[in-house]
Amino acid sequence: MQNSTFSSLDTFVFFVYFLVVAGYGLWVYRRKQRSTSASHDYFLAEGSLTWWAIGASMIASNISAEQFIGMSGSGFRMGMAIAVYELMAAFTLILVAVFFMPVYRKNRIYTMPQFLEQRYSGSVSTIMAVFWLSLYVVVNLTSILYLGALAIGAIAGIDVWTCMLFLAVFAAIITLGGMKVIGYTDVIQVFCLVLGGLVTTWLALDMVAANNGGGGAMDGFNHLLGVAPGHFDMVFERDNPNYLDLPGISILIGGMMIVNLNYWGCNQYIIQRALGADLHTARKGILFAAFLKLLMPVIVVVPGIAAFVLHQQGALGGAMGSGDALNPDRAYPVLLTFLPAGLKGIAFAALTAAVVASLAGKANSIATIYTFDIHKKLVNPNVSETRMVWIGRVTVVVAMVLAVLIAPFMGIDKKGGFQYVQEYTGFVSPGILAMFLMGFFWRPATAAAAMFATIGGFVGSLILKFLPGIMDLSFLAPIGFAVPNAAGVYEIPFLDRMGIVFVAVIVGMVVISKLFPKTAAEADKRIEVDARMFKVQPGFAIGSVIICLALVAIYAAWW
């Protein structure tokens with residue numbers, strides 16, 4: 001039965017979660033001793049995070065309101081196919097551990113702009129540092145904060161402004177303790193979000209079963225398979241109305257790989273957790289994150305499918321809306337209102353944990369990039385270690401204040417959270433990934449070529465985005481690179497656009513590097529890469545094979 005009130009038991013459960021996270025964070029802050037310089041200890045926790053803390057922290061920073069709300073909403077609308085973002089992330093994490101981490105650790109890379117300066121030039125590094133700071137504050141931090149406040153506020157009956165302030169303060173307190181506090185409290189956050197997510201999924205499936213003759217959660221899942229088989233199609237045909245979002249086989253070998261490699265391998269916000277560890281520990285942590293990723297479709301997509309079936313059967317009343325007012329992003333919050341007292345508090349804690357952990361991780365990355373790549377480089381090269389930590393903490397507070405002030409005016413709720421983040425980051429992902437891969441593995445790549453990747457990738461994405469308004473693209477339909485949208489205009493699917501731009505940028509970088517070879521100054525800009533760096537230990541290889549076999553089994557069952 002629907003129960004939209006937040007009981008005293010739910011409040012108590014949430015209060016216990018808050019005290020445990022805050023208390024454990026304070027204990028970590030006081031007990032963990034510095035392992036290196038003050039700044040590296042604060043920003044990177046160098047040598048302090050265990051493999052399980054690294055893996056848990058990566059997932060805690062990744063899973064936030066856009067997954068719980070946006071991806072569950074996509075599960076309601078298009079089904080299990082949206083889980084490709086989670087499943088392909090598991091495979092991509094293996095690639096990052098094998099090929100990216102050895103390059104970063106061998107060359108003692110601590111920030112992404114540092115890599116660009118060490119490999120290309122200071123101007124490329126500075127431009128990208130400013131870009132990443134703008135993206136993290138204006139797009140990522142605001143979307144996490146606002147979507148989280150909308151969802152949590154709706155459940156607890158708190159207005160959005162109050163909820164944003166609470167989340168920002170909670171996350172800032174954790175962030176001010178540094179990466180060690182973030183990393184170890186993220187273990188609790190992941191435990192909460194996994195436990196709360198699984199409880200919500202189990203109860204959603206139990207509701208499906210109860211609404212169709214009784215039984216348990218497995219009966220509910222089997223019922224979903226029977227009455228909504230289309231929601232378990234993992235790869236769409238061209239006539240599927242959601243093909244523009246997930247264009248067939250391209251989700252496995254095309255743009256989805258670009259999305260994930262850029263996000264997991266070239267993103268300060270994510271990779272920072274592993275940059276302070278030795279290679280063996282970092283790889284084990286990333287592999288652990290890959291295993292956790294396999295759980296995410298159960299936690300964030302299955303509830304959306306359950307909500308779809310319950311809505312079709314009228315079990316949710318008018319909570320989802322109808323007709324043009326139907327809002328798939330309501331799926332997860334609506335399900336939470338059906339939870340009994342106590343369990344609602346657990347689910348509420350899970351959602352809060354996801355939001356707070358993501359906010360803390362993002363704020364720490366903003367502070368790291370500003371302190372190392374802007375302030376120390378451009379403002380005061382002689383800044384002391386203690387001063388750098390202080391500057392990082394001030395940066396965290398400033399970033400949080402800015403996010404709180406501008407988030408309500410970004411139109412995030414109107415675009416849909418998941419689509420909002422993907423739209424803005426997708427314009428630059430192909431160029432950034434091309435710049436990093438060529439920097440890793442093609443020594444002749446020049447700073448001019450890297451600058452082209454930055455600007456050319458963005459411009460190319462814009463051109464392909466607005467090309468349908470200039471010319472008819474129906475001639476691309478026979479090969480699957482264009483399908484009609486709701487208005488009948490042929491568009492190139494988003495992920496295919498990314499693949500096309502990526503290839504064009506790679507070609508452009510090669511041409512520019514050949515026409516304008518490295519100068520004498522650039523000749524010294526190099527990254528050490530050796531094939532022996534990419535060897536893995538047997539335990540890592542076995543774990544990677546298990547993950548790959550699981551992915552093959554999933555797609556073989558529901559292709």
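Just so you know, residue 1 is the first one in the sequence shown, and it goes up from there. Only heavy atoms go into these numbers, but all of them, side chains included; no hydrogens, no water, no symmetry mates.
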Value for NZ (K377) from OG1 (T371), rounded to nearest 0.5 Å, stands at 14.0 Å

Practice task
Using a 4.5 Å cut-off on heavy atoms from C-beta on, say whether the side chain of W390 contacts that of R393.
Solution key: no

Looking only at heavy atoms, the pair that brings G197 and I299 closest together is CA-CG2, 3.5 Å

Exercise for the section: Would you check if there is a donor-acceptor pair between the side chains of S121 and S123 at a distance under 3.5 Å? Expected result: yes

message: Quick one: does any side-chain atom of D159 pair with a main-chain N or O of W161 as donor and acceptor, under 3.5 Å?
response: yes

Exercise. Hey, does the side chain of T201 reach the backbone of P303 with a donor-acceptor pair shorter than 3.5 angstrom?
Worked result: no

In this structure, CD1 of I286 is separated from CZ of R273 (nearest 0.5 Å) by 12.0 Å

Requested in this report: Take M128 and D373 through the side-chain contact (heavy atoms from CB on, under 4.5 Å) test and state the conclusion after the steps.
Outcome: CA-CA 10 Å; M128 290 307 299; D373 300 298; over 6 Å; no

Sub-4.5 Å side-chain heavy-atom contact between I527 and Y104:
no

Would you say the rings of W52 and F288 are close, in the sense that their centroids are separated by under 6.0 Å? no

Worksheet item: Looking just at side-chain N and O atoms, do T368 and Q268 make a donor-acceptor pair shorter than 3.5 Å?
Response: no

Please assess V501 against F427 for the test side-chain contact (heavy atoms from CB on, under 4.5 Å), listing each intermediate value before the final yes or no. CA-CA 9 Å; V501 172; F427 283 118; over 6 Å; no

Original post:
Do I174 and V21 come within less than 4.5 Å of each other through their side chains, counting heavy atoms only?
Top reply: yes

Here the pair of heavy atoms bringing L292 nearest to A56 is CD1-CA, 4.3 Å

Side-chain contact, heavy-atom cut-off 4.5 Å: F372 with Q114?
-> no

Here the gap from T175 atom OG1 to K362 atom NZ, rounded to the nearest 0.5 Å, amounts to 12.5 Å

Hey, is CZ on F191 packed in by over 12 heavy atoms from elsewhere, all under 6.0 Å? no

- Task: Kindly say whether the aromatic ring centers of F14 and Y17 come within a distance under 6.0 Å.
- Result: yes

Tightest non-hydrogen contact, residues I54 and A282, listed as CD1-CA, 4.3 Å

Heavy atoms of G345 and V13 approach each other most closely as C-CG1, 3.7 Å

Nearest heavy-atom approach of S461 to R497 is O-NE, 4.4 Å

Distance col, row T142:OG1 vs L147:CG, nearest 0.5 angstrom, shows 8.5 Å

| request: Fit a plane to each ring of F440 and F115, take the angle between them on a 0 to 90° scale, and name the class: parallel (under 30°), tilted (30 to 60°) or perpendicular (over 60°). | output: perpendicular

message = Any non-hydrogen side-chain atom of Y263 less than 4.5 Å from a side-chain atom of T92?
response = no

Sorted by chain and residue number, the ring-ring contact (aromatic ring centres under 6.0 Å, His included) partners of F170 (sequence neighbours excluded) come out as F18, F166

Practice prompt. Please check if the side chain of S358 supplies one atom and the backbone of I63 the other of a donor-acceptor pair under 3.5 Å.
Written response: yes

CG (N62) and OG (S57) are apart, to the nearest 0.5 Å, by 11.0 Å

- prompt: Does some side-chain heavy atom of F76 sit less than 4.5 Å from a side-chain heavy atom of R330?
  reply: no

(message) With a 4.5 Å cut-off on side-chain heavy atoms, are S429 and F502 touching?
(response) no

One should read off an interatomic distance between T281 OG1 and R105 CZ, to the nearest 0.5 angstrom, of 10.0 Å

**Request:** In sequence, state the C-alpha distance, the side-chain angles, and the governing distance for I251 and M88, and then conclude on side-chain contact (heavy atoms from CB on, under 4.5 Å).
**Result:** CA-CA 9 Å; I251 63 174; M88 288 305 294; over 6 Å; no

Q.
Do M78 and P328 make a side-chain contact, defined as non-hydrogen atoms from C-beta onward lying under 4.5 Å apart?
A. no

Here the pair of heavy atoms bringing A307 nearest to A331 is CB-CB, 3.8 Å

Self-check item: Residue pair Y332, T200: steps toward the side-chain contact (heavy atoms from CB on, under 4.5 Å) verdict
Solution: CA-CA 9 Å; Y332 203 86; T200 304; 3.5 Å; yes

